[in-house]
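A quick write-up on the structure given underneath.
Everything numeric here is computed off the predicted structure, so don't read it as measured data. First the proteins, then the strands, lettered A, B, ... as listed; each starts at 1.
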There are 2 protein chains.
Amino acid sequence: MHNRPARQWNPTLDINVFYAILITMATIRELAQYVGVSIATVSKVLNNQNGVSKETEALVLQAAKKLNYRPNLNARHLKTGTSKTLGIIAEDLTVFNTPDIIDGIGVCCESRSFHYILGNLRFDKRFGHETGNAEQKNRLVLDMMDQMLSKQVDGIIYIGCHSHALAMLSRSEDTRFVCAYCYSEDPSIPAVIYDDRQAARRVTDLLLSKGHAKIGIVAGTKDSFHTNNRLLGIQESLYEHSVPYNPHFICHGDWTRDLGYRCAPVLLERGVTAIFAMNDLMAMGVLDYCNHNHIEVGRDLALIGFDNREISSVSRPALSTVALPLFEIGHTAASIMLDMIEKEGVAQPSRILLDCAIIERESTGFPSAN
Amino acid sequence: MHNRPARQWNPTLDINVFYAILITMATIRELAQYVGVSIATVSKVLNNQNGVSKETEALVLQAAKKLNYRPNLNARHLKTGTSKTLGIIAEDLTVFNTPDIIDGIGVCCESRSFHYILGNLRFDKRFGHETGNAEQKNRLVLDMMDQMLSKQVDGIIYIGCHSHALAMLSRSEDTRFVCAYCYSEDPSIPAVIYDDRQAARRVTDLLLSKGHAKIGIVAGTKDSFHTNNRLLGIQESLYEHSVPYNPHFICHGDWTRDLGYRCAPVLLERGVTAIFAMNDLMAMGVLDYCNHNHIEVGRDLALIGFDNREISSVSRPALSTVALPLFEIGHTAASIMLDMIEKEGVAQPSRILLDCAIIERESTGFPSAN
DNA sequence: TACTTTTAAGTAAACGTTTAACTTTTCTAT
DNA sequence: ATAGAAAAGTTAAACGTTTACTTAAAAGTA
């Protein structure tokens, strides 16, 4: 692995010593020399191509094991021009959703014998949660892409919330992209996201089915893609069930717990019997308010959050919520990418919506049985 | 990036067309040809070695930018025999501590212009939390190591809890290892872990300073390294403050919330006024018990956990706890590894203990001011 | 001016693979 | 036995770099 002088099997050298040296890292040449065959033959065995007899194959294979041979992937990739490697660019690895998405990508890669390399942009650490800094962010994305392309990745999966993905457009046609958990403005870049609308619809369905006609919404920020799609889903469900849509039951929040706390009395005042908070944090705020005011969530009020953060399962009462299909997002994103790579020219889907799972816990009157 | 035919700058070809082709990925040869200089010269510029005039340097540099040149790292690494890349093997990426450790490694790597590749073993997903399966786990570790060594990493950082790290020993002398968040039996492998003992000592100091002489302990499993070291720390603190150590104030748990719940009444019964739970989950269990029994944590009972999980900050009352230096563990592990690589032969520390931070919240009577 | 030193550049071999093209051996069918 | 085909094996050139060595020109020095 470190720089070493070229090694020749000098017959005067004790064979065991020779092994000992080789233990570090044998090359295909040494392997060939050892078996007494050309390197081309060894290469064929290693890539199980035909044109080599069973016996030689066995010989090579066992020699490979004995000499602890490991192919030098740099050399292989250099020669073949393909690395069978995906680049993953994550906006922030330490954000709750990222590891599961990467996990999904990893499983897909493994099943199709690909590798991946990870690039962590650290947006949250660098910029906090502030939006803006677009040009700096773009620079980071671009630099990371350069790095990955230098390593000859066959494609790049971008995991993020903001669509800095647009920076990708400035790259050559030759680079394959897929967005996971976000999407680019460019429809030619496939994106895998979860279905906000359908999730919200099903949440509303659930609450309605439990007899709640007055459903309060602690929504997210107004300009958010998520907020708007979920609102749409809610309206759809209400319409389907012929329940009037009442804008007064909507409170726009900023995704923080504190805001959940402050929205709760407003909605309660307006007579809602259920509250759908668009993330678990705000739901926790509502829960706090109820706990402080002797409103028993799960009995006096049905409450459901969104995201399935760790807190939702450990709060008391345990919070019903919507689980994001993080693993699946990663898995399908990778799957699409690998299809792009392997089936060149075949059209890929532009945007894939994955279903969320509703997790019922105590806060909506668990167990639900209807 | 894909296989392409060799490109020659044919002077009859319109130069702009030539650029357009090159945009995809120029080689050093094409760059040299474009500037009208040898590839050796270009290489020197790119690696800012001397022996090239300012003018040519500028020329090459601007051509590189114009042709969108990116060095092929596979070729470079092949030639140089070093990849300036660390391998990170993580037992499970989705476990709460892993991403921050990787973040730390990443920052260190970046500052010293190294790269890393990540290998996720998925132990938790594959095996659940059960111990055992040692031979399967070792196989996974070994396979991952093979993969990484194939990619010519300069060293491997292992992130895990169990010391499967011992499997590493079967590897050649030539591979550099560092353990993060765990340690190997082999003292020659540097390990970076947090200081359980000192953390527990400081927790005890804190509780004593707040006037609690009867401190209940919800300990972890008996065989655990963490449990025992923390117990030692507690005893040290008590000894220093001449407070008797009472074994009846210790309840051994299994790290689960439920067990915290069950230990609480036992300890309370014995008259403790403070409880130190050895993880946040068990502390939550204690908190549950208190909430159900109208014991006001933070006033009637001081409670502190360990790990600084997300739950601790969002529970009500917010839980005081011990924050693990995850980022620092990653950062120092990487730093040691890079020292090993760059300062060959210089002895590296065998085991580094990093301090935890105590986070005081409401459950110990926040704010503390003494 | 003629020598040496310094600077700037070029040449070519190597890194460890893969693979197209070729040669040799073995097998099959006559 | 022999031609032809199939199978097994070899040769050598590439992939895109780096780098030790060489050469040529420029700059110092006596």
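- For A:Asp103, the side chain to side chain donor-acceptor pair (under 3.5 Å) test picks out B:Asn120, B:Arg122, B:Lys125, with sequence neighbours left out.
- The distance from atom NZ of A:Lys151 to atom P of D:dT17 is 16 Å, rounded to the nearest whole Å.
- With sequence neighbours excluded, the residues forming a side-chain contact (heavy atoms from CB on, under 4.5 Å) with B:Pro190 are B:Val178, B:Ile336, B:Met340, B:Gln348, listed by chain and number.
- Note on residues 32-51 of chain B: no pairs pass salt bridge (Lys or Arg N to Asp or Glu O under 4.0 Å), not counting sequence neighbours.
- Shown for residues 39-50 of chain A: residues whose heavy atoms fall under 4.0 angstrom of DNA chain D, namely A:Ala40, A:Thr41, A:Lys44.
- Distance A:Lys79 NZ to C:dA14 P: 19 Å, rounded to the nearest Å.
- Scanning for side-chain contact (heavy atoms from CB on, under 4.5 Å) contacts around A:Ala63 gives A:Leu31, A:Tyr34, A:Val35, with sequence neighbours left out.
- A close approach under 4.0 Å does not occur between any side-chain nitrogen or oxygen of A:Thr80 and OP1 or OP2 of C:dT17.
- Nucleotide D:dG16 holds its P atom 13 Å from the CG atom of B:Leu31, rounded to whole Å.
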Taking only distance into account, with no hydrogens and no angle test, what donor-acceptor pairs under 3.5 Å do side-chain atoms of residues 104-113 of chain B form with protein atoms, sequence neighbours excluded?
unit_1	atom_1	unit_2	atom_2	d
B:Ser111	OG	B:Cys108	O	2.8
B:Arg112	NH1	B:Asp339	OD1	3.3
B:Arg112	NH2	B:Asp339	OD1	2.9
B:Arg112	NH2	B:Glu342	OE1	3.0

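- Regarding contacts with the backbone of D:dC15, every side-chain N or O of B:Thr27 stays at 4.0 angstrom or more from both OP1 and OP2.
- Each end of the helix from C:dT1-D:dA30 to C:dT30-D:dA1 gets its own axis from five base pairs, and the two axes differ in direction by 40°, given to 10 degrees.
- Atom P of nucleotide D:dT17 and atom CD1 of B:Ile28 are separated by 5 Å, given to the nearest angstrom.
- Checked against side chain to side chain donor-acceptor pair (under 3.5 Å), B:Thr332 has no partners two or more places apart in sequence or in another chain.
- Residue-level contact check: A:Ser38 touches the bases, meaning some heavy atom is under 4.0 Å from a base atom.
- With the nearest nucleotide of DNA chain C identified for both A:Tyr69 and B:Val52, B:Val52 has the one nearer the 5' end.
- Evaluation of the side-chain contact (heavy atoms from CB on, under 4.5 Å) rule for B:Ser350 yields B:Pro187 as partners, not counting sequence neighbours.
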